[in-house]
Amino acid sequence: MTETDDSLGSLLGSMIMWRNDNDELFDQAIWEDWITFFNAVTVSDHTPLEGFQAVKQFVNEYLPDTIDTTELARRVTYNINLICDMRDDERGKASVWINWTAAISWLSSPDTFLVKESPFKDSERSESKKSNSRKKGFPIAKELSGKCAINFECVGDQREISEKQIRLIMLEFVHYYYEISGGDRDLENILRLLNPENDGIDIKTINWYFSEVAVHATTVNLFQALYVVNMYMLIQIPDNALHTSFSRQLTRNIWHTVYMPDEAGKQTEIWKNWTLAIEKIAIG
């Protein structure tokens, strides 16, 4: 694992930079978002899993699994999202979960901080124990799993999609879910941003994602096109409490689909509706 990481370092810097004149973070929005995510899980004290679910919402907002984020940070977010969907027996073997529980144990230990800094300390501890209070260092993190593997092959379908087509197909795709949601506000916003008459930052973002996925080609296959949509949705509607239940579930389903093996992904509702949108635009 690398010693430094730009995405993680930038976020950590924002989380520890305080204003000089009060007890607020310089970027107070980060704290407010964290409170929203925390309370969305439960307003009472969290279990380790509930706390981890709040962290998932936080990293989805600030460390999205897209090419805007460094590879290491993406792997952290990817693993956190996977772990939240695991069974208990699977979760206990995951390196990120092991690191999470080790961090909880370290922070909960009466030997981590000096007596005056922790109300959980036993005031009757011996002086020898007090002198060792800060000698117990933070647990060494276990290595993350390998890269987030995505299969860009689209076996059995040779259709290609251009940069111009992808926006129109995405509009058709999102509009379908907007209709069955009964007018979801997040999806309504996406439709407004992707309006053919709009040439703002969102269109430029999709075009950039397209060029990065296509590399030097002028077209992408059906799966690569869905991956472009996936990254845009992760930025615009991350899976957290700042968005509607319907729209964040849609983002989550698209994300799961792009990481599935080719044949499994093609069995999903997402893939079925994606190909229907393609047929309407690219063929019709």
Side-chain angles (χ1 to χ4, degrees), residues 1-16 30 33-34 37 41 48-107 138-153 205 208-213 215 223-224 226-240 242 248 251-262 264-265 268 270:
M1 189 177 291
T2 55
E3 292 183 1
T4 59
D5 180 89
D6 288 344
S7 294
L8 292 170
S10 176
L11 180 57
L12 288 171
S14 297
M15 292 168 66
I16 62 174
I30 289 181
D33 285 346
W34 169 251
F37 303 147
V41 177
L49 178 56
E50 288 170 338
F52 198 75
Q53 290 168 336
V55 171
K56 182 193 82 168
Q57 296 190 45
F58 186 80
V59 296
N60 284 346
E61 182 71 24
Y62 290 101
L63 296 173
D65 180 15
T66 69
I67 55 178
D68 308 81
T69 309
T70 61
E71 178 63 31
L72 175 59
R74 290 186 68 179
R75 285 163 58 197
V76 171
T77 299
Y78 170 82
N79 278 277
I80 289 173
N81 277 270
L82 280 186
I83 289 167
C84 285
D85 291 333
M86 287 180 179
R87 301 190 310 267
D88 290 345
D89 57 329
E90 296 177 309
R91 189 180 302 120
K93 300 173 185 176
S95 60
V96 172
W97 178 257
I98 293 171
N99 294 337
W100 171 251
T101 55
I104 292 173
S105 296
W106 183 78
L107 287 168
F138 193 81
I140 298 174
K142 290 185 175 294
E143 289 288 337
L144 282 170
S145 59
K147 285 188 175 182
C148 314
I150 297 178
N151 178 15
F152 280 126
E153 296 295 323
T205 297
W208 179 62
Y209 287 157
F210 181 94
S211 64
E212 289 294 308
V213 171
V215 191
F223 184 84
Q224 290 172 314
L226 182 60
Y227 182 59
V228 171
V229 173
N230 169 66
M231 290 193 288
Y232 179 75
M233 292 293 284
L234 289 172
I235 291 292
Q236 280 295 334
I237 309 177
D239 177 15
N240 60 45
L242 298 180
R248 58 186 286 199
T251 296
R252 184 160 63 246
N253 290 344
I254 296 171
W255 181 84
H256 276 297
T257 299
V258 301
Y259 279 111
M260 286 180 178
D262 182 69
T268 64
I270 292 294

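Of all non-hydrogen atoms in I235 and P64, the two that sit nearest each other are CD1-CG, 3.6 Å. The two residues C84 and F52 come nearest to each other via the heavy atoms SG-CD2, 3.7 Å. Between V213 and Q224 the shortest heavy-atom distance is CG1-CB, 3.6 Å. Scanning all heavy atoms of the two residues, the minimum distance from V41 to A54 falls at CG2-N, 3.9 Å.
Separating the CG atom in L11 from the CD1 atom in I30 is a distance of 5.5 Å, to the nearest 0.5 Å. Residue L234 holds its CG atom at 8.0 Å from OH of Y209, rounded to the nearest 0.5 Å. Distance check: N81 CG to Q57 CD gives 10.0 Å after rounding to the nearest 0.5 Å. Between the CG atom of N230 and the CZ atom of F223 there is a distance of 8.5 Å, given to the nearest 0.5 Å.
In this structure the side chain of L226 reaches within 4.5 angstrom of the side chain of I254, judged on heavy atoms. Looking at R248 and N60, their side chains never come closer than 4.5 Å, going by heavy atoms from C-beta outward. T205 is not listed as a side-chain neighbour of F210, based on a closest heavy-atom distance of 4.5 Å or more. Taking the side chain as every heavy atom from C-beta outward, F37 and L242 approach each other to under 4.5 Å.
Every residue meeting the side-chain contact (heavy atoms from CB on, under 4.5 Å) condition with I104, not counting sequence neighbours, appears here in chain and number order: P48, W100, S108. Listed by chain and number, the residues in a ring-ring contact (aromatic ring centres under 6.0 Å, His included) with Y227 are F152 (sequence neighbours excluded). By the side chain to side chain donor-acceptor pair (under 3.5 Å) test, T66 is found to be paired with D68, residues two or more places apart in sequence or in another chain being considered. Scanning for side chain to side chain donor-acceptor pair (under 3.5 Å) contacts around E61 gives N240, with sequence neighbours left out. Partners of A73 according to the side-chain contact (heavy atoms from CB on, under 4.5 Å) rule, which considers only residues two or more places apart in sequence or in another chain, are D5, S7, L8, L63, T69, T70. Residues satisfying the side-chain contact (heavy atoms from CB on, under 4.5 Å) test with N253, not counting sequence neighbours, are Q249, I270. Partners of E212 according to the salt bridge (charged side-chain N to carboxylate O under 4.0 Å, His left out) rule, which considers only residues two or more places apart in sequence or in another chain, do not exist here.
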Legend entry - Verdict with reasoning, W34 to V55, per side-chain contact (heavy atoms from CB on, under 4.5 Å): CA-CA 8 Å; W34 169 251; V55 171; 4.1 Å; yes
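Judged as a salt bridge (Lys or Arg N to Asp or Glu O under 4.0 Å), the pairs with a partner in residues 48-60 (not counting sequence neighbours) are, in order, K56-D239.
Put simply, the side chain of T101 gets close to the backbone of W97: a donor and an acceptor are under 3.5 Å apart. Proximity of a side-chain donor or acceptor of S211 to a complementary backbone N or O of W208 within less than 3.5 Å is detected.
With a 6.0 Å radius and a threshold of 12 heavy atoms from other residues, nucleotides or ligands, D85 has its CG atom above the threshold.
In this structure, a donor-acceptor pair under 3.5 Å is present between the side chains of D65 and Y259.
When the options R91, K93, R87 are evaluated for a salt bridge (charged side-chain N to carboxylate O under 4.0 Å, His left out) with D89, the one that passes is R87.
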